[in-house]
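Just below is one structure, and these are the notes that go with it.
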Protein chains: 2
Amino acid sequence: MKLNERNQKVLEAVVSGYIRSGEPVGSRTVSKHYGLNVSSATIRNIMADLEDMGLLQQPHTSAGRIPTDKGLRLYLDSILKIRELEKRQQALIRRAFESGRVDVEELLRRTSQVLSRFCRQAGIVLWPRLSATRFKHIEFVRLRAHQILVILITASGLVQHTLVDWDEDIPQDSLDKYSRYLNEALQDIPLSQVKERILKEMEGEKALFDQLFTRALELSQRALQDALENTDVHIEGHKHLLSNPEFADVERMRRILEAFEDKSRIVRLLDRALDPSRQVQIILGTESDISELHEMSVVSSPYGRGGTVLGVLGVIGPIRMDYSRIIPVVTFTASLLSQFLDEPDEAPSARKNDPS
Amino acid sequence: MKLNERNQKVLEAVVSGYIRSGEPVGSRTVSKHYGLNVSSATIRNIMADLEDMGLLQQPHTSAGRIPTDKGLRLYLDSILKIRELEKRQQALIRRAFESGRVDVEELLRRTSQVLSRFCRQAGIVLWPRLSATRFKHIEFVRLRAHQILVILITASGLVQHTLVDWDEDIPQDSLDKYSRYLNEALQDIPLSQVKERILKEMEGEKALFDQLFTRALELSQRALQDALENTDVHIEGHKHLLSNPEFADVERMRRILEAFEDKSRIVRLLDRALDPSRQVQIILGTESDISELHEMSVVSSPYGRGGTVLGVLGVIGPIRMDYSRIIPVVTFTASLLSQFLDEPDEAPSARKNDPS
DNA sequence: AATTAGCACTCCTCATCGAAGAGTGCTAAC
DNA sequence: GTTAGCACTCTTCGATGAGGAGTGCTAATT
């Protein structure tokens, strides 16, 4: 779709007017406040054209225009110029991360808080895909007969645990031996490869080692599977959603909260944004597969560590959001988080636990 | 406050009528549907008396009556007869717990889900106070120079981790030694006593052991402090709140969500209910210290393990809740959870991880 | 003395109506 | 191609008033 410059300007005017006020924008407003030196009648003609193209729509005959999803998409893709977040904002966001030594999980939670606070919408963080992180440590704890708690720690400091039922009762001593063995064998291997590595070890060592070790391998195998399957997502700041006039309708809000409860669908939705080639991904209203979210929009960005994408973070809110503000916040937060994950020594660092 | 039987019946009628409909209850309704064989005029007289006593109130002159907080309190304390939850409901709740082998955390999360689903309000679970549980296992993982991840596991299978900054770089080998030592020394000691036990060890062994061990003790000391301070609370099912007509007002709902975000206050509120002597505790509207929750009410019950109280679970919703239904659900769920914690072998047990 | 029927009164709810205002599309003039 | 002008449409909002629910009081009844 190609628009001449003036039509583009009108579209832009309607979009930004609508985003600001939430009300349909009339021809008079456009001609007066957006510096196109033409009369409202001309604007009316252009608007009618844009409506024919499916970019604008009228809620009712005598109202102004609001953009359609298609119109917004065009605006986002080819009209909106994304600027870097202003330094002052950057500093504020940095500051929000600065307090207390935190582990990765806390860091991620805090990220979703920051997103929701600075965008005044719900913040959303998809946790690192474990397959992209490296093995650090595994530990088996015998909770009681036949019940073993398996704790898996990734290089980034993420702790995952799974309860495993085991048909025979293994004493803690043996469990300790297993974990020592595995910690040796698997050190720093990417979790995605741990599975095959385990299988290989099971092949190779069967003859050599105590049968016990094959058990260790099977145990960790199970725990690993659990860990890889569960991708967690964290949504924070629901309250901000309620401040949007479009969610004054309680029934609508209820549907949205309901949609949030089905984490797996949210995960799938955000998976789309795992593509490292694009920095920001925006899913607009009806572009989402989740029908309850057809009135919402997601702005997301991948984050990672040293080049590899680990997860996705972003913001979810009404279609009418201030993208020009939110996009820079999301990209900046993503780069900040990536940076923290990359070199945690540079990360949030008040020395709560430091003796001094 | 003492009421004669008839006045009590009128109060009961107004309360239950109001709870059912959410509307003020008129004298005619009471005289017709609640089997007191007196005319509406008589009821009107009684109602006027009850209003003088501060038990009922009128939203406006020509409306029926609704109970005041005081009236509700009287109803809950001395009129409402609490019955056991019907078997069918019991079975349904039991079933809701039956799927997949779950660890304690998952069990607790599921509990809040069950509460919210069966009460159609928000379910709330205060996590076990660590001080009441016993030490099982500790593990130190060197994430990078000067950063140690301390993982603490309680006998009930709860996993807590804390990141500790350490001024010197301890190799993983030594860390392993520490943990072996501690796991030996602290096995099965209540966490509340671990601290003093550590201090004692630090005293006694200083001369005997390698200085390293005092470090181990200090490390775990720090981690423990963190673990004991953080009491987590989990709230689920916000969506149900929106179904209550009293929260159709968005602004009100926003305030409530805001209150939920301040976990520490919620924790303090629920701490009241940690008293093991009372099975159910109800905090009605203005009885709560949190002003944002003055329009809400909390029904809670302690849960535990073998007699000691570990935490609190319950339901939070509008003051106008169906207590006669919710109280039995809460007490039953609490006893069920306690039972699961007591003998996890009897717990939810589909054998997802069971080879067969 | 307690209960009840009757009634006037209050206050809320809801539908109706019309005026005001915003914005359009069309036409004719520039 | 642009613009002024105008008739027309549609929403919003306040005023109005009927209808209804429920009360409190009084006087009659048991």
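Numbered from 1 within each chain, the chains take letters A, B, ... in sequence-line order.
Counting atom types as modelled, B:Arg44 pairs a side-chain N or O with a base atom of C:dG6 as donor and acceptor under 3.5 Å. Between the side chain of A:Ser62 and the base of D:dT9, at least one donor-acceptor pair of N or O atoms lies under 3.5 Å.
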Exercise for the section: Show the numbers, then the answer: is there a ring pair (Phe, Tyr, Trp, His ring centres under 6.0 Å) between B:Phe260 and A:His238? Expected result: CA-CA 11 Å; B:Phe260 281 1; A:His238 300 161; over 10 Å; no
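Among the nucleotides C:dC11, D:dT2, D:dG24, the one closest to the side chain of B:Thr61 is C:dC11. The listed nucleotides are D:dC10, D:dT2, C:dT4; the one nearest the side chain of B:Val38 is C:dT4. Side chain of A:Ser39, nearest nucleotide from C:dT3, D:dT3, C:dG25: D:dT3.
One atom, CZ of B:Arg28, and another, C1' of C:dG6, lie 14 Å apart when rounded to the nearest Å. We find that CG of A:Leu56 is positioned 14 Å from C1' of C:dG23, with the value rounded to whole Å. Distance, A:Asn37 CG to D:dG1 P: 19 Å, rounded to whole Å. Between A:Gln58 atom CD and D:dC8 atom C1' there is a gap of 13 Å when expressed in whole angstrom units. Protein atom NE2 of A:His60 is 6 Å distant from nucleotide atom C1' of D:dC10, rounded to whole Å. As rounded to whole Å, 13 Å separates atom P of C:dT24 from atom CD1 of A:Ile66. The distance between atom CD1 of B:Ile43 and atom P of D:dT23, rounded to the nearest whole Å, is 10 Å.
No engagement by A:Ser40 is indicated, since no non-hydrogen atom pair under 4.0 Å with the nucleic acid exists.
The shortest distance between the side-chain N/O atoms of B:Arg65 and the OP1/OP2 oxygens of D:dG22 is not below 4.0 Å. Under 4.0 angstrom from either OP1 or OP2 of D:dT2 there lies at least one side-chain N or O belonging to A:Arg6.
Checked by atom type and distance alone, the side chain of B:Gln113 never pairs as donor or acceptor with a backbone atom of B:Glu236 at under 3.5 Å.
Look at B:Glu287 and B:Arg272 and you find no salt bridge, because none of the NZ, NE, NH1 or NH2 atoms lies under 4.0 Å from a carboxylate O.
Results of the salt bridge (Lys or Arg N to Asp or Glu O under 4.0 Å) test with A:Lys239 over B:Glu292, B:Glu258, B:Glu251 single out B:Glu258 as the only residue that passes.
Shown here is B:Arg28, whose CZ atom has no more than 12 heavy atoms of other residues, nucleotides or ligands within 6.0 Å.
Comparing B:Asn45 and B:Pro59 by the nucleotide of DNA chain C that holds the closest heavy atom to each, the one mapping nearer the 5' end is B:Asn45.
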